[in-house]
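Here's the structure, in structure tokens; my notes come after.
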Amino acid sequence: YGAVRVGASINATTSPGEIGGGNPALEPEYTWGADASIEYYLPGNGILSVAGFYRSVDNVFYSSRQPVGSDVFNTGGIDRSAYLLTSTFNGEKGKLYGVEFNFQNQFDFLPSPFDGLGFQGNLTLLDGEFDIPAAGANPAQRGLAFQGLSDTIANASLFYEKYGFSARVSYQWRSDWLDTLGGMGSGEYRKGYENLDISLRYAINDNLTVFADLANLTDEIYLAYSGSSAFPTEVEQVGSRYLFGLRFNF
């Protein structure tokens with residue numbers, strides 16, 4: 001609903017002017033798809049699986065910044081057709097597909113106390129593309145990547161759960177992805193990153209639990225760039241985060 005809102009803000013202090021807002025002319029995005037998976041349940045408490053999917057998408061939503069190309073924002077005799085509009089637009093038909101490999105198991109075959117150990121991991125490989133029709137001075141664009149789509153995502157967690165104690169070390173990595181599109185085929189990308197998090201819990205009794213959450217231990221630098229990572233447009237480093245606490249249930 002936010003994408004089709006009528007309101008917009010206009011900035012006439014730049015050249016060309018800028019407009020940001022919704023797009024009431026958006027058509028609904030429709031998706032048809034198929035999924036298939038093979039699962040093997042391991043003895044005890046585990047699973048090994050492979051899953052694939054395919055999606056056909058019509059009227060693909062995408063965010064972009066492009067000339068208005070019409071008189072819809074003209075008021076008081078001011079021509080704003082050449083202003084740059086940042087909004088959500090409709091692309092043409094697209095396709096999206098991928099495969100995920102998943103493994104999860106608790107090593108309950110090990111002697112105590114090591115039978116509380118376990119591992120969970122998955123690897124996802126994704127791909128897809130869609131087309132954009134010609135709009136005003138902007139030519140049609142073919143084979144564009146879906147925004148926000150990394151082609152490779154990996155997750156792994158090593159955990160231990162026994163005697164009221166729970167510990168988990170989690171790792172995530174994703175490759176670069178397209179964030180926003182420009183009006184002439186340019187775009188802003190986000191550089192891939194990795195994260196390492198640790199979560200600790202100990203139940204002192206049925207009512208009292210102490211915990212610690214340690215996030216972003218790799219102290220990642222999040223980078224946006226245009227064309228190449230040698231031309232950054234945004235650099236952000238939020239640092240590692242540590243949270244300790246005591247939880248009481250009654």
Side-chain angles (χ1 to χ4, degrees), residues 31-57 95-128 145-177 190-222 238-250:
T31 303
W32 292 264
D35 298 82
S37 66
I38 300 175
E39 300 176 348
Y40 176 71
Y41 294 93
L42 302 170
N45 185 23
I47 184 173
L48 181 64
S49 66
V50 179
F53 74 92
Y54 180 88
R55 299 286 185 270
S56 176
V57 188
K95 57 185 178 181
L96 182 64
Y97 49 91
V99 60
E100 180 187 58
F101 304 90
N102 180 60
F103 171 75
Q104 178 178 338
N105 197 20
Q106 186 162 351
F107 307 134
D108 50 10
F109 56 85
L110 295 174
S112 182
F114 304 107
D115 54 348
L117 282 170
F119 176 82
Q120 179 180 2
N122 59 68
L123 173 66
T124 306
L125 306 176
L126 301 167
D127 202 358
F146 277 81
Q147 293 170 312
L149 181 69
S150 293
D151 58 17
T152 306
I153 302 173
N155 295 276
S157 294
L158 182 66
F159 61 87
Y160 182 86
E161 295 182 354
K162 195 171 184 180
Y163 305 125
F165 180 70
S166 174
R168 182 177 293 267
V169 180
S170 301
Y171 174 83
Q172 181 195 63
W173 177 83
R174 65 180 297 184
S175 59
D176 296 13
W177 72 94
R190 294 281 174 174
K191 186 173 178 57
Y193 63 84
E194 58 182 356
N195 272 345
L196 181 66
D197 303 326
I198 295 178
S199 176
L200 304 171
R201 301 283 187 277
Y202 179 67
I204 299 174
N205 53 44
D206 291 341
N207 305 106
L208 196 60
T209 301
V210 292
F211 68 89
D213 291 321
L214 317 177
N216 190 27
L217 296 182
T218 51
D219 195 14
E220 284 298 289
I221 297 176
Y222 303 102
V238 299
S240 302
R241 300 182 298 279
Y242 309 96
L243 177 64
F244 304 90
L246 185 67
R247 180 174 291 115
F248 179 74
N249 298 317
F250 60 93

F244 CZ: over 12 foreign heavy atoms closer than 6.0 Å
yes

Are any non-hydrogen side-chain atoms of D197 and L217 less than 4.5 angstrom apart?
no

All salt bridge (charged side-chain N to carboxylate O under 4.0 Å, His left out) counterparts of R190, not counting sequence neighbours
D179, E234

d(F159 CZ, S199 OG) to nearest 0.5 Å is 13.0 Å

Calculate, to the nearest 0.5 Å, the distance between atoms OG and CG belonging to S150 and D176 respectively.
7.5 Å

What's the spacing between S175 OG and D151 CG if we round to 0.5 Å?
3.5 Å

Mutual orientation of the aromatic rings belonging to Y222 and Y193 [parallel < 30°, tilted 30-60°, perpendicular > 60°]:
perpendicular

How about CG on L243, more than 12 heavy atoms from neighbouring residues, nucleotides or ligands closer than 6.0 Å, or not?
yes

Is a side-chain N or O of N102 found less than 3.5 angstrom from the main chain of S49, in a donor-acceptor match?
no

Partners meeting side-chain contact (heavy atoms from CB on, under 4.5 Å) with L96 (sequence neighbours left out):
F53, R55, F146, L149

Walk me through it: do V57 and W32 pass the test side chain to side chain contact (heavy atoms under 4.5 Å, CB included)?
CA-CA 7 Å; V57 188; W32 292 264; over 6 Å; no

For N207 and N249, which I'm curious about, is there any donor-acceptor pair between the side chains at under 3.5 Å?
no

Mark yes when over 12 heavy atoms from residues, nucleotides or ligands other than D35 sit less than 6.0 Å from its CG; otherwise mark no.
yes

T209 vs L246 side-chain heavy atoms within contact, under 4.5 Å
no

For residues 108-116, run the donor-acceptor check on the side chains, cut-off 3.5 Å, and write out each pair with its distance to 0.1 Å, sequence neighbours left out.
residue : atom : partner : partner atom : Å
S112    : OG   : K162    : NZ           : 3.0
S112    : OG   : Y163    : OH           : 3.0
D115    : OD1  : K162    : NZ           : 2.7
D115    : OD2  : K162    : NZ           : 3.0

Any chance you could measure Y40, atom OH, to I47, atom CD1, to the nearest 0.5 Å?
11.5 Å

Taking C-beta and beyond as the side chain, do Y97 and D127 meet within less than 4.5 Å on heavy atoms?
yes

Applying side-chain hydrogen bond (donor to acceptor under 3.5 Å, both in side chains), name anything that partners T218, two or more places apart in sequence or on another chain.
E220

Mind listing the closest non-hydrogen atom pair of S56 and Y54 along with its distance?
N-CE2, 4.1 Å

Mind checking what makes salt bridge (charged side-chain N to carboxylate O under 4.0 Å, His left out) contact with D213, not counting sequence neighbours?
R201

Applying salt bridge (charged side-chain N to carboxylate O under 4.0 Å, His left out) to K95 and not counting sequence neighbours gives none

Looking at Y160, does the NZ or CZ of R168 lie under 6.0 angstrom from its six-membered ring centre and within 45 degrees of the ring axis?
no

Heavy-atom distance under 4.5 Å between the side chains of T152 and W173, does that happen here?
yes

